[in-house]
Amino acid sequence: MKKKRYEKLAEDIAALIHSGVLQAGERAPSIRSACASWNVSPATVFKAYYLLESRGLIQARAKSGYYVLAQPKVVVLTSNTVTTLSKKSAVAVNTPTIVQVSDLVFSLLESVRDRSIVPLGSAFPDPVLFPVQRLAKSAAHALRFVQPETLVTDMPLGVLDLRRQIAQRYALADVLLSPDEVMITTGAMEALNLCLQAVTKPGDYVAIESPAFYASLQVLERLQLKAVEIPVDVQGMDIDLLQQALTQYPVKACWLMSSFQNPTGASLSDAKKQQLVELLTAQQIPLIEDDVYHELYFGNVAPKPVKAFDLEGWVMHCSSFSKCLAPGYRVGWVSAGRFSQQVQRLKLMTTISPSIPAQAALADYLQHGGYDRHLRKLRQHLQQQYQAMVEAIQRHFPADTQISAPDGGYFLWLTLNPAINSLSLFQQALAAGISIAPGPMFSASQQFGHCLRLNYGALALEDIEPAIKRLAGLIESKKLAGAFN
């Protein structure tokens, strides 16, 4: 796929930085001079500079322009560094695995409940980033106008006003749906569970990412499904290896995160999303798209969901407000395409409906509370936290550390020296008051033993540097002798 002009411009300037033509501390070309030199518009230059900022190459200074940052001694993986994130050459798909990860996951979840623990292993951003008081105001306002009969009639699909708001946001992502094609669920996890149950039975094979979000592994474990692990690199799931897996195993469904994947932060390009849809549609295999981080992109351009390329209803798109607005409300949704009826029936057999007052509160907030303004502030804050954590890791971690370079979300994936055992590091760090998410909890086959996930959105900006310095000290310390293979 042909690169966009801003991507090409960003690559040209990155090449100047990597070659030493532009050095740390020097000012990058001004917007005006870049427009003239590359014959592009100011908008193209701004988008290129946003991209370079997200990759840790330049930094904006108020009323002064953009300046080149010191280059790291650790490697920041970008889309031009095509390697599997485990530093392992992936030439074949692993044998399908019966999943058993729950004990490790429960250990991590227990640790992040302790408020004295530094929550680098948390799955949520800092709660202060959410508009709790404004949501409470929306809840009070909405409940004054709730019609009693809607407490019953809105239960199967969800509050109509909320489904209308969600359908409008789909339209912004080039997905045209009616409100009746959206069903509200108790968080995204219920949506994902229902989708998987609708298209599989115990013993079936499901293609998942590797590494994958541990909750997806827990769902497979509970439903007694076999995981066919498809490697993820900095460009997302390897579609060629997925195609290979489909010829080897009777895969009944594929489950992935298309944007800002947890744990790696990787995103599929539009070209790969199109390729993925064409592959699965041709073989009539449903895709369960977990898109909970969609709104947390850096820069000005939102990613398209895979659902935007789906013409025949094989994509079951799931998302929620838990990561970007209201974690405690547990309100998600699904647009299940041709499988909508099966998913709706399963929901009626289980939870019937999420809280109607919570749905009404969110509908009111989306209409009147300044949702997009909140999202802009949240994205800006997360990008600042991302930059702060990358810089701290570059200063304090060993020189052979590799860091992912996400364009959104709030997770970093670190690949450490192969001699380091991240499970042992998890225990050592926890004893020192820091939680991390060790690599093996993101793999059905317990891979990624020298990798870990860090949450750069969980701490206040000023707390990131001390936490990373402490964690780096543990890795370097002689006390960590037991954490090496």
Item to complete: Answer yes or no: is there a donor N or O on one side and an acceptor on the other, between the side chain of R163 and the main chain of G158, under 3.5 Å?
Response: yes
Discussion item. How long is the straight-line distance from CG of L287 back to CG of L256, given to the nearest 0.5 Å?
Written reply: 5.0 Å
Worksheet item: Any donor and acceptor pair, going by atom type alone, linking the side chain of S122 with main-chain N or O of P119 inside 3.5 Å?
Response: no
Worksheet item: Is a side-chain N or O of N193 found less than 3.5 angstrom from the main chain of M189, in a donor-acceptor match?
Response: yes
Worksheet item: Looking only at side chains, do E289 and S258 share a donor and an acceptor under 3.5 Å apart?
Response: yes
Worksheet, complete the sentence: Nearest heavy-atom contact between V334 and C195 is CG2-SG, 3.6 Å
Worksheet item: Would a 4.5 Å heavy-atom cut-off, applied to side chains only, mark S259 and L268 as touching?
Response: no
Discussion item. Just verifying a value: how many Å separate F411 CZ and Y456 OH, rounded to the nearest 0.5 Å?
Written reply: 9.0 Å
Name the atoms and distances for all side-chain donor-acceptor pairs under 3.5 Å in residues 318-327, with sequence neighbours left out.
| unit_1 | atom_1 | unit_2 | atom_2 | d |
| --- | --- | --- | --- | --- |
| S319 | OG | D291 | O | 3.0 |
| S320 | OG | S322 | N | 3.0 |
| S322 | OG | R330 | NH1 | 3.0 |

Worksheet item: Which class fits the ring pair F448 and W413: parallel under 30°, tilted 30 to 60°, perpendicular over 60°?
Response: perpendicular
Discussion item. So T185 and V343, do their side chains get closer than 4.5 Å, heavy atoms only?
Written reply: no
Worksheet item: For the side chain of T415 and the backbone of Q402, is there at least one donor-acceptor N/O pair under 3.5 Å apart?
Response: no
Worksheet, complete the sentence: Residues pairing under salt bridge (Lys or Arg N to Asp or Glu O under 4.0 Å) where one sits in residues 365-380, two or more places apart or in two chains, turn out to be R169-D372, E295-R379
Worksheet item: Counting heavy atoms not belonging to K272, are there more than 12 under 6.0 Å from its NZ?
Response: yes
Worksheet item: In chain order, what residues pass the side chain to side chain contact (heavy atoms under 4.5 Å, CB included) check against E278, with sequence neighbours excluded?
Response: Q274
Item to complete: Over 60° means perpendicular and under 30° means parallel, so classify the ring planes of Y293 and Y410, tilted if in between.
Response: perpendicular
Discussion item. If I compare all heavy atoms of C254 with all of I285, which pair ends up nearest, and what's the gap?
Written reply: N-CG2, 4.2 Å
Worksheet entry | Counterpart residues, side chain to side chain contact (heavy atoms under 4.5 Å, CB included), relative to E465 (two or more places apart) | A392, R395, H396
Fill in: Worked check of side-chain hydrogen bond (donor to acceptor under 3.5 Å, both in side chains) between Q387 and E391
CA-CA 6 Å; Q387 189 65 50; E391 291 174 1; 3.0 Å; yes
Item to complete: Please name the pair of heavy atoms, one in L196 and one in A253, separated by the smallest distance, quoted to 0.1 Å.
Response: CD1-CB, 4.4 Å
Worksheet item: With a 4.5 Å limit on heavy-atom distance, are the side chains of K307 and S335 in contact?
Response: yes
Discussion item. Go through it in stages, so that I can follow the logic: the residues are S340 and M183, the test is side chain to side chain contact (heavy atoms under 4.5 Å, CB included), and I'd like the CA-CA distance, side-chain angles, deciding distance and then a yes or no.
Written reply: CA-CA 9 Å; S340 293; M183 184 179 76; over 6 Å; no
Discussion item. In the structure I gave you, are the side-chain heavy atoms of P354 and Q359 within less than 4.5 Å of one another anywhere?
Written reply: yes
Item to complete: Please tell me if the side chains of L430 and I436 come closer than 4.5 Å, counting only heavy atoms from C-beta onward.
Response: no
Practice prompt. Report the C-alpha separation of S443 and E229 in whole Å, then their side-chain angles, then the decisive distance to 0.1 Å, and conclude whether the side-chain hydrogen bond (donor to acceptor under 3.5 Å, both in side chains) test is met.
Written response: CA-CA 8 Å; S443 171; E229 296 187 280; 3.1 Å; yes
Discussion item. Main chain of P440, side chain of Y214: is a donor-acceptor contact present, judged purely on distance under 3.5 Å?
Written reply: no
Worksheet item: Counting N and O atoms only, with roles assigned by atom type, does the side chain of K304 sit under 3.5 Å from a partner on the main chain of D174, one being a donor and the other an acceptor?
Response: no
Fill in: L362/L135 under side chain to side chain contact (heavy atoms under 4.5 Å, CB included): CA gap, chis, key distance, verdict
CA-CA 7 Å; L362 288 171; L135 282 167; 4.0 Å; yes
Item to complete: Check whether the ring centres of Y49 and Y6 lie less than 6.0 Å apart, and answer yes or no.
Response: no
Worksheet item: Does E190 have any salt bridge (charged side-chain N to carboxylate O under 4.0 Å, His left out) partners at least two apart in sequence or in another chain, and if so, which?
Response: K347
Discussion item. Treating S422 as the side-chain partner and C451 as the backbone partner, does any N or O pair qualify as donor plus acceptor under 3.5 Å?
Written reply: yes
Worksheet entry | Stepwise side chain to side chain contact (heavy atoms under 4.5 Å, CB included) check, D161 with L366 | CA-CA 10 Å; D161 282 347; L366 265 62; over 6 Å; no
Worksheet entry | With S37 via side-chain hydrogen bond (donor to acceptor under 3.5 Å, both in side chains) - residues at least two apart | none
Worksheet item: How long is the span from the CG atom in L416 to the OG1 atom in T401, to the nearest 0.5 Å?
Response: 5.5 Å
Worksheet item: Quick one: does Y170's side chain get under 4.5 Å of W333's, heavy atoms only?
Response: yes
Discussion item. Could you report the tightest heavy-atom contact between L471 and I434, atom names first, then the distance?
Written reply: N-CD1, 4.0 Å
Discussion item. Show, in sequence, the C-alpha distance, side-chain angles and deciding distance for S267 and Q261, and conclude whether the side-chain hydrogen bond (donor to acceptor under 3.5 Å, both in side chains) test is met.
Written reply: CA-CA 6 Å; S267 298; Q261 190 248 11; over 6 Å; no
Worksheet entry | Where V68 and L22 come nearest, the two heavy atoms and their spacing | CG2-CB, 4.0 Å
Practice prompt. Kindly say whether M257 contributes a backbone atom to a donor-acceptor pair with the side chain of E209 at under 3.5 angstrom?
Written response: yes
Discussion item. I want to check something: taking the side chain as every heavy atom from C-beta on, are K47 and V301 in contact at a cut-off of under 4.5 Å?
Written reply: yes
Response to the item:
Residues L177 and E181: closest non-hydrogen pair is CA-OE1, 3.4 Å
Fill in: side-chain hydrogen bond (donor to acceptor under 3.5 Å, both in side chains) between E312 and T281, intermediate numbers included
CA-CA 7 Å; E312 299 185 23; T281 298; 5.6 Å; no
Discussion item. For the backbone of F309 and the side chain of K273, can you confirm whether one donor and one acceptor N or O come within less than 3.5 Å of each other?
Written reply: no
Practice prompt. To the nearest 0.5 Å, tell me how far N455 CG sits from L412 CG.
Written response: 9.0 Å
Discussion item. For Q133, I'd like to know if atom CD has over 12 heavy atoms of other residues, nucleotides or ligands within 6.0 Å.
Written reply: no
Worksheet entry | Geometric class of the Y297/H294 ring pair [parallel <30°, tilted 30-60°, perpendicular >60°] | perpendicular
Practice prompt. Step by step, work out the side chain to side chain contact (heavy atoms under 4.5 Å, CB included) result for I464 and Q385.
Written response: CA-CA 8 Å; I464 290 175; Q385 290 172 300; 3.9 Å; yes
Item to complete: Check whether any side-chain N or O of S355 sits under 3.5 Å from a backbone N or O of A358 as a donor-acceptor pair, and report yes or no.
Response: yes
Worksheet entry | Under 3.5 Å side-chain donor-acceptor pair for H374 and Y365 | no
Item to complete: Would you mind reporting whether R453 and N262 have side-chain heavy atoms less than 4.5 Å apart?
Response: yes
Fill in: Nearest-0.5 Å distance that lies between atom CD1 in I288 and atom CD1 in I208
11.5 Å
Worksheet entry | Separation of L51 CG from F46 CZ (nearest 0.5 Å) | 15.0 Å
